[in-house]
Amino acid sequence: MMTTVRLRPAAPFDFRGTARSHGWVALAPNRWDDESGFLTRVERLSSGNVVRLQVTGEGTSRKPGIRIDIEHRGRLTRRDSENATARVTHMFRLDDDLKPFYSLCRKRGAPWTKVTRGLGRLLRSSNLFEDIVKVICTTNIQWGGTKKMAAQLVEQFGDACDDDPAQQAFPGAEAIAAVSAAEFARRVKMGYRAPYVHELAGRIASGELDLATLEDRGMSTPELRKRLLAIKGVGGYAAASVLMLLGRYDDLPIDSVCRDFTGRKYFGGRSPKDDKVRGLYEDWGEWKFLAYWYDLWLSRG
DNA sequence: GTCCAGGTCGCGC
DNA sequence: GCGCGACATGGA
């Protein structure tokens with residue numbers, strides 16, 4: 001059965017631009033069809049029910065809409081429907097206020113004004129565990145390897161919505177913690193990252209670590225960063241990436257891509273030191289990450 | 001076969 | 001606080 005829910009994001013909002021804002025759209029369980037502009041994803045809701053979400057944009061960036069088709073078995077409860085909607089809202093950051101960032105972009109003029117037409121919301125997963133695991137899967141590996149690891153996690157440990165094993169939800173921490181570290185490493189080829197992810201899953205499943213505390217807006221960014229760094233497998237780059245996913249843009253994920261880009265654009269091809277990179281975006285205040293990200297994006301045309 | 005990837009850990013200094 | 005080698009895996 002299918003239930004359709006419609007959302008009205010605040011304008012401006014660019015659905016395609018948001019879906020494709022970074023590589024996340026290509027990582028399982030997400031599927032993106034560029035032709036139709038549909039983002040499909042299986043989701044295990046809080047009730048335990050597993051549904052398939054098909055999300056697409058409607059209208060224009062000035063008068064935007066989002067349509068969520070929820071494919072489910074049996075009746076879809078109001079609670080499930082609201083839960084699914086909340087997850088899409090989280091993924092697309094529909095509650096974020098980007099006005100101050102847009103204002104800075106306008107002051108810069110072209111080409112930054114392009115961003116103010118509804119960009120700036122970098123796609124995230126429906127839950128923080130998935131985002132942290134995926135960020136760990138981007139470290140010290142090429143993009144193809146990251147995609148493979150995400151796909152294996154979903155295939156091996158995700159809940160199915162129907163009989164298509166290629167389309168399952170991203171596993172919850174409990175599913176990973178339920179097997180031994182050895183079995184986890186055998187079933188998902190994550191190399192040396194496997195123990196990190198298994199340990200993280202175990203700490204969450206046991207209740208020792210509550211990721212919800214990391215989403216508390218009351219916590220200062222330095223404190224939050226410290227807590228992220230305490231997770232094995234999360235270093236400076238990964239912490240900055242997760243901070244971005246949490247909506248905190250004042251730290252930069254200085255990795256090979258960042259050094260390469262800023263080196264070519266600002267330092268005559270020489271790879272800059274970290275503080276030189278930070279200096280480039282210093283005057284963007286709490287929006288440094290977005291400034292860096294769209295600097296990179298705009299430079300690619 | 002060798003090198004290394006959108007780094008991080010654990011060590012020694 | 002900084003420099004260094006090791007680290008699994010698989011693509012180039």
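Labels below follow one simple rule: chain letters A, B, ... track the order of the sequence lines, proteins then strands, and each chain is numbered from 1. Keep in mind that what you see is a predicted model, and the values were worked out from it rather than measured.
As rounded to the nearest Å, C/dG10 and B/dC9 have P atoms that lie 22 Å from one another. Across the C1' atoms, B/dC3 and C/dG5 are found 16 Å apart, a figure rounded to whole Å. For the P atoms, the distance linking B/dG6 with B/dG10 amounts to 24 Å, nearest Å.
Comparing A/Leu296 and A/Lys232 along DNA chain B, the residue whose closest nucleotide (by nearest heavy atom) sits nearer the 5' end is A/Leu296.
Note: A/Trp112 and A/Trp287 fail the aromatic proximity criterion, with ring centroids not under 6.0 Å apart.
Shown here for A/Lys232 and A/Glu199, the closest heavy-atom pair between the two residues is CG-OE2, 3.8 Å.
No more than 12 heavy atoms of other residues, nucleotides or ligands shown are found within 6.0 angstrom of NZ on A/Lys63. A 6.0 Å sphere centred on CZ of A/Arg73 holds no more than 12 heavy atoms belonging to other residues, nucleotides or ligands.
Looking at heavy-atom distances under 4.0 Å, A/Ala238 makes contact with sugar-phosphate atoms alone, never a base. When heavy atoms are screened at a 4.0 angstrom cut-off, A/Trp293 is found touching base atoms of the nucleic acid. Contacts of A/Gly236 with the nucleic acid, taken as non-hydrogen atoms under 4.0 Å apart, involve only primed sugar atoms and P, OP1 or OP2. Within the 4.0 angstrom heavy-atom criterion, no nucleotide atom of any strand lies near A/Gly145. Across all strands shown, A/Ile231 has heavy atoms under 4.0 Å from sugar-phosphate atoms exclusively, and none from any base.
A side chain to side chain donor-acceptor pair (under 3.5 Å) with A/Tyr237 is found for one member of A/Thr138, A/Asp251, A/Asn140 and no other, namely A/Thr138.
Of all nucleotides in DNA chain B, those with any atom nearer than 4.0 Å to a heavy atom of chain A start and finish, going 5' to 3', at B/dA5 to B/dG10.
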Could I get a table of every N or O pair under 3.5 Å where one atom is in the protein and the other is in nucleotides 10-12 of chain C?
{"unit_1": "C/dG11", "atom_1": "OP1", "unit_2": "A/Lys148", "atom_2": "NZ", "d": "2.6"}

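Remark: the backbone N or O of A/Asp34 is paired with a side-chain donor or acceptor of A/Arg16 at under 3.5 angstrom.
Using the six-membered ring where Trp is involved, A/Trp24 and A/Trp143 have ring planes that are parallel, under 30° apart on the 30 and 60° scheme. A parallel orientation is assigned to the rings of A/Phe15 and A/Phe92, their planes being inclined by less than 30° (bins at 30° and 60°).
Here A/Glu174 pairs with nothing under the side chain to side chain donor-acceptor pair (under 3.5 Å) rule; sequence neighbours left out.
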